There are 2 protein chains.
Amino acid sequence: MRDFSRSLPMSLLRAREAVMRQFRPALREHGLTEQQWRILRALAAIDAVEVTELARTAFLLGPSLSRILRDLEARNLIERKTAKADQRRSMVSISKEGVKLMASVAPNSEAIYAEITRRFGARKLAELQEMLGALELCLAELGGADDTIAEG
Amino acid sequence: MRDFSRSLPMSLLRAREAVMRQFRPALREHGLTEQQWRILRALAAIDAVEVTELARTAFLLGPSLSRILRDLEARNLIERKTAKADQRRSMVSISKEGVKLMASVAPNSEAIYAEITRRFGARKLAELQEMLGALELCLAELGGADDTIAEG
DNA sequence: CGCATTCACTTAACATGTTAAGCAATTTCC
DNA sequence: GGAAATTGCTTAACATGTTAAGTGAATGCG
C-alpha cells in the first residue's frame, strides 16, 4: 500500500495545519476559535443571513454552528431574530461589539496572510488555489456521503 | 477585507473535505474513523513504534492519540508493551486482527483513491501535492504556535 | 380542513482537536 | 547519591466534527 504520509488527504491536512498554525495564536489572544472567526467574517460581509445559509458560507455543519451561535450570542457578538414570514427561520447578524472585535483582529490577521503570500509567492498561491478549486469541483460531481445531487 | 470564502485556509479545508467525503462511508462500514484508519496504516508499515513517533507519523496530537490507542487496544486491533530500557516509552504495533481489518478495507480505499486520481489527473495530482509540500515547508521555517525550532 | 410530509433548526451522543495540568520514569548536574 | 529539570505519556476540560434523533413550523394534497 502507498505510503499514507504522502497521500492526498495527508498532504492537504498538513498544509492546512501549517497555515492555521500561523493564525491561531492571534485569534486566541482575542478568545476566538478558528470557527468562530469564520462565522464573524462571514457575517461581516452581509446584513443578515439564515442559519442554513451561514452554515454553507462558513463551511460548518448544522450542529456545530448551532452550538457556536449559542455561545457567540451569549457573548453579545451576534444577534438573532426569527423571520416574520417563516417562524422556523432565524436571521443572524453581527453585533456592534462583534464588529469592534473584528476590527481589532483583522489587521493582525491580514498581516499574517500577507506574510504567507509573500513567502510562498502570490502567483504560486493563486495557482494552488485554482488547483484546489478544480479538485473540489471534480469531486463534487463524483458525489460522496449524503450527496443531494445524485439522490434527486 | 478579502472574501474569506476564497482564502487559503478555506480552500484547503473545502478541498480536503471533498476528498474525505469519498472515503468516510467505506471506513464507516468497518467501524473506523479517519484517524483510526491513519493509525492502522501507519502501524502496518513498520514493526513497532513509540507513541510520540506514531503521533508525528499519523499527524495527531498526543491527547487524541492517547484516547484512540486506548480504544483500538480495547478492540484488539493494536498491541502495546512498555520498552525495557525506558519504562516511560510504550511500543505500539498492529495486531493480527488489525492486519485482517486493514486487508478488508484497503482494496476499497485504493479503488477510491484511484478514481480520484483518474478524475483529477495523475500529473495534476502530483503537481498539487508538490505545491502543498512547498507551502508546508515555507511555513515551517516561519514557525508558529509552540515551534520547537525557534525556541532552541 | 386535516393530516402526512417536508423543512429549519436544535439536542444528543460519541469521537477528535486543542491547551493545560498531572504523573511517573529518566536524565542532569552538583 | 540526590534534588531539580526534563521527558513520555495520560487526564482533564472545553470546543468542534459527525451522525442520528427530536421539535416545532410550514407545505402539499386528499
Side-chain angles (χ1 to χ4, degrees), chain A residues 9 13-14 16-17 20-21 23-25 27-39 48-56 58-75 78 80-92 144-148 151-152, chain B residues 9 13-14 16-17 20-21 23-25 27-39 49-56 58-75 80-92 144-148 151-152:
Chain A
L13 181 58
R14 277 196 305 253
R16 185 173 141 81
E17 179 53 27
M20 287 316 300
R21 259 168 86 83
F23 290 99
R24 260 191 282 270
L27 295 179
R28 190 171 171 68
E29 273 179 23
H30 295 272
L32 287 176
T33 66
E34 178 196 332
Q35 293 83 353
Q36 292 168 347
W37 178 239
R38 287 218 299 271
I39 292 172
V49 267
E50 297 172 17
V51 172
T52 301
E53 170 66 12
L54 181 55
R56 189 165 24 246
F59 208 68
L60 292 168
L61 293 178
S64 293
L65 183 54
S66 237
R67 280 178 307 213
I68 300 175
L69 288 180
R70 167 167 48 69
D71 299 348
L72 292 180
E73 191 174 22
R75 286 166 68 182
I78 65 161
R80 275 201 271 200
K81 55 181 176 182
T82 58
K84 293 162 207 152
D86 188 339
Q87 304 273 2
R88 291 170 305 183
R89 290 172 158 80
S90 140
M91 303 303 290
V92 185
D146 122 73
D147 187 337
T148 320
E151 273 145 34
Chain B
L13 181 58
R14 278 197 304 254
R16 186 175 141 81
E17 179 55 27
M20 287 317 300
R21 261 169 84 83
F23 289 99
R24 260 190 281 271
L27 294 178
R28 193 173 168 66
E29 274 180 23
H30 295 273
L32 287 175
T33 66
E34 177 196 333
Q35 292 84 353
Q36 292 167 347
W37 178 238
R38 287 217 299 272
I39 292 173
V49 267
E50 297 172 18
V51 172
T52 301
E53 170 66 12
L54 181 56
R56 188 166 26 248
F59 208 69
L60 291 168
L61 294 178
S64 294
L65 183 54
S66 239
R67 281 177 306 214
I68 300 176
L69 288 181
R70 169 169 47 69
D71 298 348
L72 290 180
E73 191 174 19
R75 287 167 66 181
R80 274 201 272 201
K81 54 180 177 183
T82 59
K84 294 161 206 156
D86 189 338
Q87 303 274 2
R88 290 171 306 182
R89 291 172 156 79
S90 139
M91 304 302 289
V92 185
D146 115 78
D147 188 337
T148 320
E151 274 146 32

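What you see is a predicted model; the values in this text were computed from it and never measured. Lettering follows sequence order; numbering is per chain, from 1.
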Which of the following nucleotides, D:dT18, C:dC9, C:dG17, is nearest to the side chain of B:Arg38?
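In terms of side-chain proximity for B:Arg38, the closest of D:dT18, C:dC9, C:dG17 is C:dG17.
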
In terms of the nearest nucleotide of DNA chain D, which residue is placed more toward the 5' end: A:Lys84 or A:Gly62?
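Nearer the 5' end of the strand: A:Gly62.
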
A:Leu60 side-chain proximity, nearest of D:dG17, C:dT19, C:dC9
D:dG17

Could you tell me whether the phosphate oxygens of D:dG8, OP1 or OP2, come under 4.0 Å of any side-chain nitrogen or oxygen in B:Ser90?
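No, no such contact exists.
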
A:Leu27 atom CG is separated from D:dA15 atom P, nearest whole Å, by 16 Å

Gap between atoms CZ and P, on B:Phe59 and C:dG17 respectively (whole Å)
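After rounding, the reported distance stands at 10 Å.
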
Nearest-Å distance for atom pair CD/P, residues A:Glu53 and C:dC7
17 Å

Give a yes/no answer on whether the side chain of A:Ser66 brings an N or O atom under 4.0 Å of OP1 or OP2 in C:dT10.
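Yes, within the criterion.
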
Just checking A:Leu65: base, sugar-phosphate only, or nothing, at a heavy-atom cut-off of under 4.0 Å?
nothing

Find the distance between CG (B:Leu27) and CE (B:Met20) and round it off to the nearest 0.5 Å.
6.0 Å

Is any side-chain heavy atom of B:Arg75 closer than 4.5 Å to a side-chain heavy atom of B:Leu32?
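They are in contact (side-chain heavy atoms under 4.5 Å apart), so the answer is yes.
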
OP1 or OP2 of D:dT10 less than 4.0 angstrom from a side-chain nitrogen or oxygen of B:Arg80, does that happen here?
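For D:dT10, OP1/OP2 do have a side-chain N/O of B:Arg80 under 4.0 Å.
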
DNA chain D: B:Ser64 or B:Asp86, which has the more 5' nearest nucleotide?
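Its nearest nucleotide lies further toward 5', so the answer is B:Asp86.
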
From CG of A:Leu61 over to P of C:dA15, roughly how many Å is that when rounded to an integer?
17 Å

Please work out if B:Ala85 contacts a base, only the sugar-phosphate, or nothing of the nucleic acid, heavy-atom cut-off 4.0 Å.
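B:Ala85: backbone/sugar contact only, no base atoms under 4.0 Å.
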
Heavy-atom donor-acceptor pair, B:Arg38 side chain to B:Phe59 backbone, under 3.5 Å:
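Answer holds: yes.
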
Tell me whether the OP1 or OP2 atom of C:dA8 has a side-chain N or O from A:Arg89 closer than 4.0 Å.
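Indeed, a polar side-chain atom of A:Arg89 lies that close.
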
Run the side-chain contact (heavy atoms from CB on, under 4.5 Å) test on B:Ile68 and B:Thr33 for me, step by step, so that the C-alpha distance in whole Å, both residues' side-chain angles and the decisive distance to 0.1 Å come before the verdict.
CA-CA 10 Å; B:Ile68 300 176; B:Thr33 66; 5.6 Å; no

Let's test your reading of the model: under 3.5 Å, does the base of D:dG17 pair with the side chain of A:Arg67 as donor and acceptor?
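Result: at least one qualifying N/O pair found.
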
For A:Leu13 and C:dT16, give me the distance from atom CG to atom P, rounded to whole Å.
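Checked: the CG to P distance equals 14 Å.
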
Give the nucleotide from the list D:dA25, C:dT16, C:dA12 with an atom nearest to the side chain of A:Pro63.
C:dA12

Distance criterion of 3.5 Å, no angle test: do you see the side chain of A:Arg88 paired donor-to-acceptor with the base of C:dC9?
no

Taking 4.0 Å as the cut-off, does a side-chain nitrogen or oxygen of B:Thr52 come that near to OP1 or OP2 on D:dG8?
no

Between the main-chain N or O of A:Glu50 and the side-chain N or O of A:Glu53, is there a donor-acceptor pair closer than 3.5 Å?
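Not a single qualifying donor-acceptor pair exists.
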
Please work out if A:Thr33 contacts a base, only the sugar-phosphate, or nothing of the nucleic acid, heavy-atom cut-off 4.0 Å.
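Here A:Thr33 touches the backbone only, sparing every base.
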
Close side-chain approach of A:Ile39 and A:Val92, heavy atoms under 4.5 Å:
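A:Ile39 vs A:Val92: side chains apart.
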
Could you tell me which non-hydrogen atom of A:Ser90 sits nearest to which non-hydrogen atom of A:Arg80, and how far apart they are?
OG-CD, 3.4 Å

Could you state the atom-to-atom distance from CG of A:Leu32 to C1' of D:dC14 in whole Å?
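So the CG-C1' distance, A:Leu32 to D:dC14, works out to 15 Å.
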
Nucleotide nearest B:Gln87 (side chain, heavy atoms from C-beta), chosen from C:dA25, C:dA8, D:dG17
C:dA25

Taken to the nearest whole Å, CE/B:Met20 to P/C:dT16 is 13 Å

In this structure, how many angstroms lie between the P atom of C:dC14 and the CD atom of B:Gln36, rounded?
15 Å

A:Glu50 or B:Asp71, whichever maps to the more 5' nucleotide of DNA chain C
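Closer to the 5' end of DNA chain C: A:Glu50.
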
Would you tell me if any nitrogen or oxygen in the side chain of A:Arg70 comes within less than 4.0 Å of OP1 or OP2 on C:dT10?
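So the side-chain polar atoms of A:Arg70 never come under 4.0 Å of the phosphate oxygens OP1 or OP2 of C:dT10.
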
Does B:Ile68 reach a base, just sugar-phosphate, or nothing at all? Heavy atoms under 4.0 Å.
sugar-phosphate

Tell me whether the OP1 or OP2 atom of D:dG17 has a side-chain N or O from A:Gln35 closer than 4.0 Å.
yes

